[in-house]
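Report on the following structure.
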2 protein chains.
Amino acid sequence: MPNRPGRPPRVTISDVSTAAGVSAATVSRVLNGTARVDASLVDRVQEAVASLGYRPNAAAQGLARGEWGTIGVLVPDLANPYFPDVLKAVSAVARSHGRRMMVMESDEDPAAEHDLVEDLMRCCDGVLLCSPRMSRAELAELAGRKHPMVLFNRIVPGLAVPSISVDFHGGMTAVCGHLAQLGHRRAAYLSGPSASWANAERLRAFESARAFGVEVEVVECGATSEAGYDAVAGVLAGDVTAILGYNDLVALGALARMRELGIAVPAAYSVVGFDDISLERVAHSNLTTVSVPRDELGRRAGELLEQLLVNGDDAEPTYLPMRLQVRDTSGPPPR
Amino acid sequence: MPNRPGRPPRVTISDVSTAAGVSAATVSRVLNGTARVDASLVDRVQEAVASLGYRPNAAAQGLARGEWGTIGVLVPDLANPYFPDVLKAVSAVARSHGRRMMVMESDEDPAAEHDLVEDLMRCCDGVLLCSPRMSRAELAELAGRKHPMVLFNRIVPGLAVPSISVDFHGGMTAVCGHLAQLGHRRAAYLSGPSASWANAERLRAFESARAFGVEVEVVECGATSEAGYDAVAGVLAGDVTAILGYNDLVALGALARMRELGIAVPAAYSVVGFDDISLERVAHSNLTTVSVPRDELGRRAGELLEQLLVNGDDAEPTYLPMRLQVRDTSGPPPR
DNA sequence: CTGTTAGCGCCTTCAG
DNA sequence: CTGAAGGCGCTAACAG
């Protein structure tokens, strides 16, 4: 690092070594505990380090060691309340293994995703990828890079990449079962991004639901509360008695609109969310929903990557279970 | 990077150069557009790059260039709904300047903060620091490192570090004024972490409020909805007619508890939050609160750092204004 | 135990 | 316009 004006004069390992009257190798050994060093030298080195305020340059270490000490995480949307918990867990795991965490956001743009992953690969030991939309082909191409990578929040059959996700299908099935038992026969689903894996998984659940006498009509919506707010009016005209949101945001948006319209929930309609985002924590909210173990997802994904980094362990795709949270917005249909 | 087993054989710039029959320097020039290169060579290089799947090693680039192309952000708690928007904005700014974003979390632990900042300095061109608790002395010590750093969400008088924050004092003053005009005379403040700057700023506002006939009693609480939930019962015994939360989480926790207790809001008590976290977005919630421009905070902080990095620009501390959001939980006091 | 010697992969002068 | 040479800061053999 050339001394740029205004920056502190960089102090390097050789500054320390001359100050301490030892070789750079010894300094390195002391700092990394790589080998036994005479106690007196250790002292001198530590003094020099302290007085010069020396900190090893991470890039140089990375280059020499062949490891960056960093993992990368790519998420579609940092502002989505789904991810902070995940990132927090990933960060903790990474740190516990002495690694830093680089974070990137694709802004839901599949085109950008590819480049960002490539960029992460240039500067991270491993990559944690959450990519709901990326095509199988592109994923396979990235996997072919043989760069350590773990896919989370999505499972791609046949893809040779360690993956961990959530049993969205099972979660939505639980929702349908809950409604069926309450006596509902027809529901509307405010659908999320149609290209997303997570949405497809939810949709699959509606087929089994039909077997239990519950018919779910799918309505294009989106993934935000605004989308839910806007979309809900359209389904009230029909004969449904329950409204399922792609996620909690959508359901809450719908709820807000329904409240404005003076519609009683759950008396007139049941409303069910999906994900159980911080609402309980934030608002002791009473939305019936299914919860995803976000911190466990982050933790497991991080550990999976660490395993991959250390042992090259591969592993079977894992689905974390969701849990139905029956609260106040679901009840028997009217009449 | 030595070829670790199971990893892809690393392809380096010299692999490309031999494949293309040119020198490494030329490859570098082509890739970085550093100088004119004969069109035919450009083609050959690009072909070689593509066919070998070459990507420059970021650590090596960083070492050679003296820049990591990375900025670091340290926040106290990733799961706090305050930060995602900030990070999102920072990430966008960083990317727009061709930099990556490293994220670390101190877990509200002032001891850890110091080490983490140091670590960030070893691997980032600049650091964005949100440290509500760190002592002035420690901050000054870090500032003395002369490593580009911007403090956000806090202003420390006399500290020679570019800082950007939010006018918490003004925000809380607005809250008090609002309540005063509604006719409230006594309120309780569910206080946040007493060591935090942001809390101190809020407290200062209560002094001016007294001049307007509003007396605010301060109650230890915390920063979470659970804390608000637990603390609120204690203040209902007194003669206050309004309850102010350290932040929205606290206020919402309090609200939830009050709802359980069957207390009417705002008829019996007004409740006011602080921060205006995603609630409107998440729940079309109706908490009266004051909003902080989180994305602007992130954006400005990012730009400030970029300025610092590029021109060494210093700047006066900036306070972003808050805006009072009068919604449904505040009204005139009973009687 | 310690110092010396080579790189790690890339960029950037400096000649040509 | 291009190649050769040196160095960024650190670590990892390799000899003593």
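Chain letters run A, B, ... following the sequence lines, proteins first, then strands; residues in each count from 1.
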Please give, in whole Å, the distance from [N] [atom2] to [X] [atom1]?
X	N	atom1	atom2	result
B:Asn57	D:dG9	CG	C1'	14 Å
B:Met121	D:dG9	CE	C1'	19 Å
A:Arg122	C:dC8	CZ	P	19 Å
B:Glu67	C:dC10	CD	C1'	15 Å
A:Leu31	D:dG9	CG	C1'	13 Å
A:Trp68	C:dC8	CH2	P	14 Å
A:Arg65	C:dG9	CZ	C1'	17 Å
B:Arg10	C:dG7	CZ	C1'	15 Å

Side chain of [X] only, please: which of [options] is the nearest?
X	options	value
B:Leu41	D:dG3, D:dT2, D:dA12	D:dT2
A:Ala64	D:dC10, C:dT12, D:dG7	D:dC10
A:Ile13	D:dT2, C:dG9, D:dC10	D:dC10
B:Arg36	D:dC1, C:dG3, D:dC10	D:dC1
A:Ala25	D:dG3, C:dC10, C:dT4	C:dT4
B:Asp38	C:dT2, D:dC1, C:dG9	D:dC1

Going by an N to O cut-off under 4.0 Å, is there a salt bridge joining A:Arg95 and B:Asp107?
->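 No.
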Hey, is B:Lys88 close enough to A:Asp77 for a salt bridge, meaning N to O under 4.0 Å?
->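 Salt bridge present between B:Lys88 and A:Asp77.
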Does a nitrogen or oxygen in the side chain of [X] sit under 4.0 Å from OP1 or OP2 of [N]?
X	N	value
B:Ser28	C:dC10	no
B:Ser23	D:dG3	yes
B:Asn32	C:dC11	yes
B:Gln61	C:dG9	no

Determine the contact category for B:Val27: base if any of its heavy atoms lies under 4.0 Å from a base atom, sugar-phosphate if only primed atoms, P, OP1 or OP2 are that close, otherwise nothing.
->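 The answer is nothing, as B:Val27 stays clear of every strand by at least 4.0 Å.
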Determine the sole option in B:Arg55, B:Arg99, B:Arg100 for which the salt bridge (Lys or Arg N to Asp or Glu O under 4.0 Å) test with A:Asp119 is passed.
->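 Filter result, single survivor: B:Arg100.
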base_contact_polar (D:dG3 base, B:Arg29 side chain, donor-acceptor, <3.5 Å) =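 Counting by modelled atom types and ignoring angles, a donor-acceptor contact under 3.5 Å is found here.
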CE-CG distance between B:Met101 and B:Leu87, expressed to the nearest 0.5 angstrom =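 If we round to the nearest 0.5 Å, B:Met101:CE and B:Leu87:CG are 5.0 Å apart.
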A:Thr26-A:Ser23 side chain donor-acceptor pair, cut-off 3.5 Å |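 Looking only at side-chain atoms, A:Ser23 and A:Thr26 do form a donor-acceptor pair, the distance falling under 3.5 Å.
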